[in-house]
Number of protein chains: 2
Amino acid sequence: MKKSRRNPETVPLGSTSRRKPLRQDARRARIEQIPKKVIKRLSLYLRVLRNLEMNSVPRVSSQSLAESLGFTSAQVRKDLAYFGQFGVPGVGYSVSDLLHNLEHILGTDREVRVAIIGAGNLGSALMSYGGFARHGVRIVMAFDTDIHKIGTERGGVWIFSMDSLEERLQAAEIDIAILTVPADVAQDVADRVVAAGISGILNFVPVHLRVPPHVRVQYVDLAIEIETLSYYLR
Amino acid sequence: MKKSRRNPETVPLGSTSRRKPLRQDARRARIEQIPKKVIKRLSLYLRVLRNLEMNSVPRVSSQSLAESLGFTSAQVRKDLAYFGQFGVPGVGYSVSDLLHNLEHILGTDREVRVAIIGAGNLGSALMSYGGFARHGVRIVMAFDTDIHKIGTERGGVWIFSMDSLEERLQAAEIDIAILTVPADVAQDVADRVVAAGISGILNFVPVHLRVPPHVRVQYVDLAIEIETLSYYLR
DNA sequence: TAGATTGTTAATCGATTAACAATC
DNA sequence: TAGATTGTTAATCGATTAACAATC
């Protein structure tokens with residue numbers, strides 16, 4: 001016997017009452033380890049959906065979502081299928097429904113609190129960078145060793161001494177640390193951040209960090225991006 | 001009959017006379033399309049090799065190269081095999097030989113000339129960012145529309161008017177454009193840059209760029225990195 | 001020589017795409 | 001109803017790893 005493809009209480013497009021079963025799906029999904037590539041694409045879908053919502057577009061198909069990012073429609077549907085059923089056959093997806101569902105899955109429906117460690121060129125540029133706010137990301141504080149920077153602020157973000165790192169990270173309930181420190185201290189700083197209970201690091205330092213398995217590190221290495229491009233020049 | 005695994009005129013470790021056959025290999029490789037992931041790892045190997053050379057380490061095995069980056073030794077050997085034979089069985093790789101070979105393959109043995117389009121927070125941080133120089137990357141010029149910024153410099157890089165974009169990119173023989181402009185003009189700027197003959201773009205703007213097939217775009221999307229991390233927080 | 005490590009093949013693993021019944 | 005589009009399975013494609021003969 002074939003199992004039904006949708007919950008019995010079928011809900012009309014635009015309703016939010018499908019949210020409860022989804023959470024369960026999401027939890028199950030998390031256990032069977034979703035590929036990181038899928039998560040990245042989810043975040044890209046979210047960006048498109050936000051644009052569509054801003055333009056008051058009510059519905060979107062996997063086809064058009066895919067086209068605006070250069071993917072295939074099958075990939076969009078497969079990615080979403082990891083987490084549940086969000087569309088209506090023959091109709092497509094409700095933009096605002098899918099948007100909220102994806103935000104919930106990614107955890108950006110609540111505030112994500114980040115701290116920037118190292119207020120050099122890159123660090124302080126990020127402090128003033130406006131692109132985070134609309135993704136529910138809040139830069140709460142920054143740290144540096146330079147006595148001239150400590151106690152000042154940039155883009156509304158205060159810079160504290162590295163001496164107070166652990167206690168402030170904990171008190172401020174920081175979720176993610178952005179590392180923009182010199183290469184020779186990166187591992188030490190990472191160790192301290194992890195010891196303070198942080199489990200997500202965005203690392204701009206060109207150094208491979210050794211961290212415990214529960215800690216996630218995302219690398220952003222500008223020189224390597226350029227070097228990769230360089231290969232393809234003729 | 002089995003074909004010999006190495007050139008007849010076997011050269012001792014440390015010699016550079018193996019370079020000529022390599023170029024041929026590299027060219028063949030380029031035709032049968034190397035995966036981009038391989039190119040990225042090549043660049044990571046290069047980083048480790050530079051550290052080893054700085055510490056006067058003469059030789060390295062695929063095993064130790066892999067360990068310092070969290071890869072497997074098989075992957076290191078497989079990646080290198082796309083481009084030729086660089087090691088000596090039972091001995092390993094000459095650090096300086098492999099380093100120079102990889103630089104040649106990636107094209108960072110010659111100067112890579114880049115321009116930064118958009119001298120906002122991020123753009124001007126990159127202008128002062130020191131991390132590029134040791135990779136043979138030279139930030140030659142920057143562009144902006146702000147009359148107050150035009151004619152000034154930052155980190156030794158001059159800011160020019162966007163009006164002169166095409167002619168200056170060409171005159172200065174720019175290889176790669178770094179895009180740090182507002183989202184709503186990103187596609188327009190990309191079109192102009194491409195029309196000026198640029199075929200490599202490093203894009204910091206959270207917008208999917210539509211470019212001709214010969215143009216390579218690398219995306220660096222900070223908000224998406226954070227959103228991806230956010231998913232993994234508990 | 002004995003031990004170590006490469007380059008390469010085959011086996012495995014994982015991700016993408018095509019295709020289509022189910023559904024609106 | 002006819003047309004459109006989903007969710008999902010199976011087929012394809014690609015990337016990683018294990019294993020080992022060849023080599024130093």
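So you know, we letter chains A, B, ... as the sequences are listed, proteins then strands, and number each from 1. Given the structure is predicted, the values throughout are model-derived calculations rather than measurements. Only heavy atoms go into these numbers, but all of them, side chains included; no hydrogens, no water, no symmetry mates.
OP1 and OP2 of C:dT8 both lie 4.0 Å or more from every side-chain N or O belonging to B:Y82. Taking 4.0 angstrom as the limit, B:Y93 places none of its side-chain polar atoms (N or O) nearer than this to OP1 or OP2 of C:dA4. Taking 4.0 angstrom as the limit, B:K37 places a side-chain polar atom (N or O) nearer than this to OP1 or OP2 of D:dT16. One finds a side-chain N or O of A:S62 lying less than 4.0 angstrom from the OP1 or OP2 phosphate oxygen of D:dT6. Look at A:T72 and you'll find a side-chain N or O under 4.0 angstrom from OP1 or OP2 of C:dT17. Distances shown here put every side-chain N or O of A:Q85 at or beyond 4.0 Å from the OP1 or OP2 atom of C:dT23.
Counting only heavy atoms from C-beta on, A:P89 has its side chain closest to D:dT5 among C:dT5, C:dT17, D:dT5. For A:A74, the side-chain atoms get nearest to C:dT17 when compared with the rest of D:dT6, C:dT17, D:dA15. Here the nucleotide nearest the side chain of A:S61, chosen from D:dT5, D:dT17, D:dT8, is D:dT5.
Rounded to whole angstrom, the span from the CD atom of A:Q75 across to the P atom of D:dT8 amounts to 17 Å. For the pair B:E67 CD and C:dT5 P, the computed distance is 11 Å after rounding to whole Å. The CZ-P distance, from B:F71 to D:dT17, rounds to 10 Å in whole Å. For A:K78 and C:dA19, the NZ to P distance is 16 Å, given to the nearest whole Å. One atom, CD of A:Q63, and another, P of D:dG3, lie 19 Å apart when rounded to the nearest Å. The nearest whole Å value for the distance from the CG atom in B:L80 to the P atom in C:dT6 is 9 Å. Atom CZ in B:F86 sits roughly 18 Å away from atom C1' in D:dT23 (whole-Å rounding). Following rounding to the nearest Å, B:F83 (CZ) and C:dG7 (P) show an atom-to-atom distance of 14 Å.
The side-chain heavy atoms of A:L80 and A:L98, taken from C-beta on, include a pair separated by under 4.5 Å.
Nearer to the 5' terminus of DNA chain C, by closest-nucleotide assignment, is the contact made by B:A81 (compared with the other of B:A81 and A:R41). Nearer to the 5' terminus of DNA chain C, by closest-nucleotide assignment, is the contact made by A:V38 (compared with the other of A:R77 and A:V38).
Across all strands shown, B:S73 has no heavy atoms under 4.0 Å from either base or sugar-phosphate atoms.
A 3.5 Å limit on both hydrogen-bonding distances identifies D:dC24 as the Watson-Crick or G-U partner of C:dG3. Partner assigned to D:dT17 is C:dA10, using Watson-Crick or G-U wobble distances below 3.5 angstrom.
A donor and an acceptor atom, one from each side chain of A:Q75 and A:D79, are nowhere located under 3.5 Å apart. A donor-acceptor contact under 3.5 angstrom links the side chains of B:K36 and B:Q218, judged on distance only.
Closest non-hydrogen pair, A:L99 versus A:L46, comes out as O-CD1, 3.5 Å.
Ring orientation note: the planes of A:H208 and A:Y219 are close to parallel, at an angle under 30° on the 30°/60° scale. The aromatic rings of B:F83 and A:Y231 sit perpendicular to each other, their planes meeting at more than 60°, with 30° as the lower class boundary.
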